[in-house]
Amino acid sequence: MARHLITSAIPYINGIKHLGNLVGSQLPADLFARYQRERGHEVLFLCATDEHGTPAELAAAKAGKPVAEYCTEMHEVQARIADGFGLSFDHFGRSSSPENHKLTQHFAKVLDEAGLIREVSETQMYSKADGRFLPDRYIEGTCPNCGFESARGDQCDNCTKQLDPVELINPRSTISGSTDLEMRETKHLYLRQSAMKDELEKWIDTREGWPVLTTSIAKKWLNDGDGLQDRGITRDLDWGIPVQRGDEPWPGMEGKVFYVWFDAPIEYIACAQEWVNAGKGDDWARWWRTDKGADDVSYTQFMGKDNVPFHTLSFPATILGSGEPWKLVDYIKSFNYLNYDGGQFSTSRGRGVFMDQALSILPADYWRWWLLSHAPETSDAEFTWENFQLNVNKDLADVLGNFVSRVTKFCRSKFGETVPEGGAWGPQEQAVIEELSRRVRSYEGHMDAIEVRKSAAELRAIWVAGNEYLQEAAPWATFKENPERAAAQIRFALNLIPLYATLSAPFIPFTAQKMLDAMGVAGQWPGDVAQALERMPAGHGFAVPDNLFAKISDDQREDWHSRFAGVRD
RNA sequence: GGGCCUGUAGCUCAAUUGGUUAGAGCAGAGCGCUCAUAACGCUUUGGUUGGGGGUUCGAGUCCCUCCGGGCCUACCA
């Protein structure tokens, strides 16, 4: 039995995520976690909310709430929605947890002791009206290069020139609009990633089979320009983890907090501690400490491409630099973006479908199936309502749902709601068993390799095999001259249902459970397909389930299309 | 500007890493079936693999060039 540690990139706290965020990390991570559990492996699947940073403070201010209260509420909201999507986290933690405070401060201390932290004095734009230092992107002004009036402090959106905030003409705060800005001196801690460049590169070079997307982004950062740059790991903010050396104060760093990208990945570890402290587990160290049993753990991270540098470089620099025996990631699965109907999903403009809205119009399995079978693995993918309607209706309602419906209803009308007795498997059934055996092995191979779309395609082919069998066996015709033969055929077909449910559960867990409940058996991964098709012997009672999937109508599609094109709220 | 990814049938994607005649699903067409959610099955029409050039016995795959789409570029996260 293998042990799988699985983490999904932790979603930021300032609002409800859209489907693009979902398919880029949490959903494929859940697919993998569910699959590995079903295969009988030990799994610890962790996710959390990422709660620190300027945007959280601003979102809380906008909501008129203290930031801690705002985060607590939003965490609950995200947890509830995640549950609605069937995301099977063993624990859904918070980067603001006491566990993460302590651990982040611990890492800062040991990194400092290892000589990997340096203090840097720098000047930064300060807004008196806002009472805070402003990140470059929160400053707007006229571009000195092209005259564009809404250039941001880091880059002009019009001419794409990289800017320094001090270069802007008439700079103003985008938070308050105030122009009362000044450059102030401030001191920050930097993680000396440059000192670890060779070690990191050596580590990356020995990773095998990682997605090109993952390694190419890492190599770029390692070798671009002057090589890997040191990174500031502190900020002048109120909300965050206070800068300390372990339990000790850090002279000169009073009133500052750690940068969210320093503490967010550490939450992966802290989350395991939260899991224990919540009473759900009793030993986090055997998942995270190679000196305490984590040596045989296989650790897989899931994330969108924008998160790759932090997971390939910054976090490993933290882990390796600590000199302590923490578990390093074994495989990084990264995703491109999902676009929405010819453009990008936009949180700020409310363009696209957000997780809460998605659940309000259709059950989670519709979304899970479409999103996973179109996961943006090799390039950006696109969501359109037409494509969604077509695929979901065909795959789920027609191929899978209708298969279950026709089999169970035929049996009910001819034999009753009990698996019929008589007859035996013949050459037709043997052929199906052989095909399914081959396909199940192929499906397992794709799932093991986290080839999401290929897995979905193989699963669909497995469903289709059931309809092909029925057409060829034609129990409705057989029944007229040889009811015993028909009984064997329908017994065979009925037994495909729990098999399909088990195989499909990682993709569509809610429906899979309905199928198993109706058939009155528990899910069990088919080691041997022939054996798996004996799960419901003659005489076994079952129920005819309601239709598993209602079809999406043209009217619904058009309604949703117009509803989600515009602005949210 | 630089780097990376990407372009294959009307649509969404494959193609064992240079190897026979580029394959699936959907959509379209035809036939069959009547158990089932007007569902299912079978057959079938669609391709100058973005354009051009090159290397090779052989190129969707490698090289050059042009065109289109996307991402990243380090203080949003």
Side-chain angles (χ1 to χ4, degrees), chain A residues 9-14 50-56 58 122 124-125 133-139 152-155 160-162 164-165 188 193 211-213 215-217 219-221 223-225 228-232 235-236 259-261 264 304-310 313-314 336-337 339 344 347 370 373-374 376-382 384 386-388 390-391 393-399 401-414 453-454 456-457 460-461 464 466-479 486 489-490 493 546-551:
Chain A
I10 65 180
Y12 199 64
I13 194 72
N14 69 340
D50 180 14
E51 305 192 359
H52 298 134
T54 310
L58 298 179
E122 56 195 12
Q124 247 186 306
M125 199 68 88
F133 282 92
L134 296 176
D136 292 353
R137 295 191 187 203
Y138 287 98
I139 303 161
R152 291 183 318 187
D154 56 340
Q155 185 180 43
T160 74
K161 184 179 166 56
Q162 312 268 308
D164 194 285
H188 282 296
Q193 299 186 140
V212 179
L213 188 63
T215 48
S216 66
I217 291 174
K219 298 293 269 188
K220 163 80 159 116
W221 279 55
N223 298 308
D224 193 38
L228 187 61
Q229 300 296 299
D230 294 344
R231 180 175 272 276
R235 291 291 183 274
D236 288 293
Y259 175 43
V260 21
W261 262 116
K305 57 184 165 188
D306 51 332
N307 277 328
V308 169
F310 303 99
L313 303 169
S314 307
N336 288 280
Y337 292 147
N339 291 317
Q344 296 200 337
T347 303
W370 191 91
S373 61
H374 293 78
E377 289 178 298
T378 51
S379 64
D380 291 351
E382 174 154 324
T384 64
E386 291 74 15
N387 191 273
F388 177 69
L390 229 45
N391 282 284
N393 284 354
K394 192 71 186 172
D395 297 349
L396 296 182
D398 295 346
V399 175
N402 183 54
F403 173 76
V404 172
S405 175
R406 65 196 295 207
V407 171
T408 53
K409 284 173 183 168
F410 179 80
C411 185
R412 179 173 63 186
S413 74
K414 304 299 185 204
R453 282 186 319 221
K454 287 180 183 173
R460 187 188 190 282
V464 167
N467 283 314
E468 287 171 353
Y469 168 75
L470 277 188
Q471 187 62 35
E472 204 188 330
W476 49 89
T478 316
F479 183 77
Q489 290 172 334
I490 213 66
D546 292 335
N547 283 342
L548 297 176
F549 299 99
K551 291 201 195 191

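Computed from a predicted model, the values in this text were never measured in an experiment. The sequence lines fix the lettering, A, B, ..., with proteins before strands; numbering per chain opens at 1.
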Original post:
Would you say Phe410(A) stacks on C35(B), if stacking means ring centres under 5.5 Å apart and planes within less than 30 degrees?
Top reply: no

**OP:** For nucleotides U43(B) and U61(B), find the distance between their P atoms and express it as a whole number of Å.
**Re:** 31 Å

Subject >> hbond_proxy Asn402(A) side chain to A36(B) base (donor-acceptor, 3.5 Å cutoff) >> reply: yes

**OP:** Check for a donor-acceptor pair, side chain of Asn547(A) on one end and backbone N or O of Gly401(A) on the other, with a separation under 3.5 Å.
**Re:** no

**OP:** Write down the distance separating the C1' atoms in C13(B) and A74(B), rounded off to the nearest Å.
**Re:** 34 Å

Original post:
Considering only the P atoms, how many Å lie between U49(B) and A59(B), rounded to the nearest integer?
Top reply: 12 Å

**OP:** From the options A77(B), C33(B), A15(B), select the nucleotide whose nearest atom is closest to the side chain of Tyr12(A).
**Re:** A77(B)

Original post:
For the side chain of Gln124(A) and the backbone of Phe133(A), is there at least one donor-acceptor N/O pair under 3.5 Å apart?
Top reply: no

**OP:** Between C11(B) and U16(B), how far apart are the P atoms? Round to whole Å, please.
**Re:** 23 Å

Original post:
Counting any heavy atom closer than 4.0 Å, what does Lys414(A) reach on the DNA or RNA strands: base, sugar-phosphate only, or nothing?
Top reply: nothing

Original post:
Is a side-chain donor or acceptor of Asp380(A) paired with a backbone partner of Tyr337(A) at a separation under 3.5 angstrom?
Top reply: yes

**OP:** Kindly say if Lys551(A) contacts the phosphate of A39(B), meaning a side-chain N or O under 4.0 Å from OP1 or OP2.
**Re:** yes

**OP:** Give a yes or no on whether the backbone of Ala56(A) and the side-chain of Tyr12(A) come within a donor-acceptor separation of less than 3.5 Å.
**Re:** yes

**OP:** With RNA chain B as reference, determine whether Arg460(A) or Arg231(A) sits nearer its 5' end, using the nearest nucleotide of each.
**Re:** Arg460(A)

Original post:
Hey, does Asn14(A) reach any base, or is it just sugar-phosphate, or nothing, if we go heavy atoms under 4.0 Å?
Top reply: nothing

Original post:
With a 4.0 Å cut-off on heavy atoms, is Pro55(A) in touch with a base, just the backbone sugar-phosphate, or nothing at all?
Top reply: sugar-phosphate

**OP:** Please state the P separation for the pair G51(B) and C4(B) - nearest whole angstrom.
**Re:** 23 Å

Original post:
What nucleic acid atoms does Phe310(A) come within less than 4.0 Å of, heavy atoms only: base, sugar-phosphate, or nothing?
Top reply: base

Original post:
What nucleic acid atoms does Leu390(A) come within less than 4.0 Å of, heavy atoms only: base, sugar-phosphate, or nothing?
Top reply: sugar-phosphate

Subject >> P-based separation of C26(B) from C72(B) [nearest Å] >> reply: 35 Å

Subject >> Whichever of Ser373(A) and Val399(A) has its nearest RNA chain B nucleotide further upstream toward 5' >> reply: Ser373(A)

**OP:** Could you measure between the two C1' atoms, the one in G46(B) and the one in A29(B), and give it in whole Å?
**Re:** 11 Å

Subject >> Pairing partner (Watson-Crick or G-U wobble, both distances under 3.5 angstrom) of C4(B) >> reply: G70(B)

Original post:
Looking across every strand, which nucleic acid part, if any, lies under 4.0 Å from Leu134(A) by heavy atom: base, sugar-phosphate, or nothing?
Top reply: nothing

Subject >> Syn or anti for G46(B) (syn when the glycosidic angle lies within 90° of 0) >> reply: syn

Subject >> Torsion-based syn/anti label for U17(B), 90° from 0 as limit >> reply: syn

**OP:** Select base, sugar-phosphate, or nothing to describe what Val404(A) touches, counting heavy atoms under 4.0 Å on all strands.
**Re:** nothing

**OP:** Could you tell me whether the side chain of Glu472(A) has a donor or acceptor atom within less than 3.5 Å of a complementary atom in the base of C40(B)?
**Re:** no

**OP:** Compare side-chain N and O positions of Arg152(A) against OP1 and OP2 of C75(B) and report whether any pair is under 4.0 Å apart.
**Re:** no

Original post:
With sugar-phosphate meaning primed atoms plus P, OP1 and OP2, does Gly53(A) contact a base, only sugar-phosphate, or nothing at under 4.0 Å between heavy atoms?
Top reply: sugar-phosphate

Original post:
Using atom C1' of each nucleotide, how far apart are G58(B) and C62(B) to the nearest Å?
Top reply: 13 Å

**OP:** Just call it for Ala56(A): base, sugar-phosphate, or nothing, with non-hydrogen atoms closer than 4.0 Å on any strand.
**Re:** nothing

Original post:
Is any side-chain heavy atom of Pro55(A) less than 4.5 Å from a side-chain heavy atom of Tyr138(A)?
Top reply: yes

**OP:** Kindly indicate whether the side chain of Gln124(A) and the base of C75(B) share any N or O donor-acceptor pair separated by less than 3.5 Å?
**Re:** yes

**OP:** In whole angstrom, give the distance that lies between atom CH2 of Trp476(A) and atom C1' of A39(B).
**Re:** 11 Å

Original post:
So what does Phe549(A) hit on the nucleic acid, given a heavy-atom distance under 4.0 Å: a base, only sugar-phosphate, or nothing?
Top reply: base

Original post:
Does a side-chain N or O from Lys394(A) land closer than 4.0 Å to OP1 or OP2 of C40(B), or not?
Top reply: yes

Original post:
Looking at the side chain of Tyr259(A), which of C75(B), G41(B), U37(B) is the nearest nucleotide?
Top reply: C75(B)

**OP:** Look at the side-chain N and O atoms of Lys409(A) and state whether any lies under 4.0 Å from the OP1 or OP2 oxygen of U37(B).
**Re:** yes

Original post:
OP1, OP2 of C35(B) versus side-chain N and O of Arg406(A): anything below 4.0 Å?
Top reply: no

Original post:
Of the candidate nucleotides C71(B), A36(B), C13(B), which contains the atom at the shortest distance from the side chain of Ser405(A)?
Top reply: A36(B)

Original post:
Nearest to the side chain of Lys220(A), which nucleotide is it out of A74(B), C76(B), G2(B)?
Top reply: G2(B)

Original post:
Hey, does Gln193(A) reach any base, or is it just sugar-phosphate, or nothing, if we go heavy atoms under 4.0 Å?
Top reply: nothing

**OP:** Pick base, sugar-phosphate or nothing for Gln229(A), based on heavy-atom distances below 4.0 Å to the nucleic acid.
**Re:** base

Original post:
When we call it a touch if two heavy atoms are under 4.0 Å apart, what does Asn547(A) touch: a base, just sugar-phosphate, or nothing?
Top reply: base

